[in-house]
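Chain A is the first sequence line, chain B the second, and so forth, proteins listed ahead of strands; every chain is numbered from 1.
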Amino acid sequence: MPELPEVERARATIERAALHRTIADVDDTDSYVCRPHTPGQLKDALVGRQLSEACRRGKAMWCTTSRSGPLLGLHLGMAGRIVVTEPDGSVVEGGDPRGGGYGPSPDGKPEWYRFTLTFESGATMRLFDKRRLGRVRLDPDLDALGPDAEMVRVAEFRDRVGRGTAPVKARLLDQSVIAGVGNLLADETLWQARIDPRRRVSDLDHDDLTRLHRALGTATRAAIRKGGVHTGEVIPHRRAGAECPRCGAEMQRATVGSRTTWWCPEEQV
DNA sequence: CCATATGTTAAAAG
DNA sequence: ACTTTTAACATATG
């Protein structure tokens, strides 16, 4: 589930419900999710501190901590979400509006909680992640990340995305080029911009890149507002036999940039 | 058993 | 050396 829009929602949930509370306990015993830290390392670094700010660039998220403590890096991986609960056990809404089967309840198994902060009040902030590809670490290295997909200006976008020879979709997915675009947001953006995902960036002209930048901004902001990348216009049409919601042509599927890709063969050229 | 899955990254290939 | 592509990662689900 998590691409930039979902991560932004998770960040906002933390900001609204988990800041400025003193950390009383930490469960960091999942040594894969917390790698390369050893069990207890995160706990030792965090107990007694508070989360001060919730920040994000692309899909990377981190919290600053009180008294000049370390940054707490949180990455949702392929299936993670942040769940904050109040002392009475009620779940703070906002992380994932779909809830239901992907949610922490009622069918969320307890072992799918991979990391937990317990505050003095009894409130908790947890990483819920079925697939365990999410990651928690202290002072994450953010140097390799490109500018955030929602913030990048058009000139820099053209410079970065237009460089190289890779298919444009692969370029959009490269987090060191632009941070935050995942498989679904890439398909939505390319569909909005009417660009074939297989096109080489060396073949895109100034106008193509400008259109792509605009489509990315529009698609990203719409997804944040509506609650996630699933709310994109073309996303429900990423399946066999589906038609382009604009022109009715049958959607086409292929692997581009090592990911399953769907596009409209009529309009995306 | 097989294929698929919204992410990252190390290793291989070019 | 730099860019691009693929495989592997851990786990669930159809």
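- The minimum heavy-atom distance between A:K130 and A:R114, with the atom names listed, is O-NH2, 2.9 Å.
- Taking atom CZ on A:R56 and atom P on B:dG7, their separation rounds to 14 Å, with Å as the unit.
- Comparing the P positions of C:dA10 and B:dA11 gives an interatomic distance of 15 Å, to the nearest angstrom.
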Distance-only donor-acceptor pairs under 3.5 Å for side chains of residues 138-146 of chain A, two or more places apart:
unit_1, atom_1, unit_2, atom_2, d
A:D139, OD1, A:L71, N, 2.9
A:D141, OD1, A:D143, N, 3.1

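- For the ring pair (Phe, Tyr, Trp, His ring centres under 6.0 Å) test, residues two or more places apart in sequence or in another chain that qualify with A:F157 are A:H213.
- Taking atom P in both B:dT4 and C:dT6, one finds a spacing of 15 Å when rounded to whole Å.
- Taking atom P on both C:dA1 and B:dT9, the two are 22 Å apart, rounded to the nearest angstrom.
- Contacts classified as ring-ring contact (aromatic ring centres under 6.0 Å, His included) and involving residues 35-64 of chain A (residues at least two apart or in different chains) are not found.
- Among residues two or more places apart in sequence or in another chain, the salt bridge (charged side-chain N to carboxylate O under 4.0 Å, His left out) test is passed with A:E266 by none.
- Side-chain contact of A:T261 with A:R253: a donor-acceptor pair under 3.5 Å is absent, judged by distance alone.
- Phosphate proximity of B:dT4 to A:R253: present, with a side-chain N or O under 4.0 Å from OP1 or OP2.
- Contacts classified as salt bridge (charged side-chain N to carboxylate O under 4.0 Å, His left out) and involving residues 57-80 of chain A (residues at least two apart or in different chains) are not found.
- Residue A:R137 contributes atom CZ, which lies 13 Å from atom C1' of B:dT8 at whole-angstrom precision.
- Shown here are the salt bridge (charged side-chain N to carboxylate O under 4.0 Å, His left out) partners of A:E8, two or more places apart in sequence or in another chain: A:R11, A:R56.
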I'd like a table of atom pairs between the protein and nucleotides 9-14 of chain B - only N or O on both sides, under 3.5 Å - with the distance next to each one.
none

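- When rounded to the nearest whole Å, the span between CH2 of A:W262 and P of B:dT6 equals 12 Å.
- Atoms CE (A:M61) and P (B:dG7) sit 14 Å apart, rounded to a whole Å.
- Sorted by residue number, the members of residues 175-187 of chain A with any non-hydrogen atom under 4.0 Å from DNA chain B read A:Q175, A:G182, A:N183, A:L184.
- Applying the ring-ring contact (aromatic ring centres under 6.0 Å, His included) test to pairs two or more places apart or on separate chains, none has a residue in residues 162-183 of chain A.
- Rounded to whole Å, atom C1' of B:dT8 lies 13 Å from atom CG of A:L76.
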Would you list the protein and nucleotides 8-12 of chain C atom pairs, both N or O, that sit under 3.5 Å from each other?
unit_1, atom_1, unit_2, atom_2, d
C:dA10, O3', A:R132, NH1, 2.8
C:dA10, N1, A:R131, NH2, 2.7
C:dA10, N3, A:R131, O, 3.4
C:dT11, OP1, A:R132, NE, 3.2
C:dT11, OP1, A:R132, NH1, 2.1
C:dT11, OP2, A:R132, NH1, 3.4
C:dA12, OP1, A:W112, NE1, 3.0

Could you run down nucleotides 1-6 of chain C 5' to 3' and tag each one B, S or - for protein heavy-atom contact under 4.0 Å? ---SSB

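- Residue A:H75 places at least one side-chain N or O under 4.0 Å from the OP1 or OP2 atom of B:dT8.
- A stem is defined here as three or more consecutive Watson-Crick or G-U pairs, each with both distances under 3.5 Å; for DNA chain B these stems are B:2-5 with C:11-14, B:7-14 with C:2-9.
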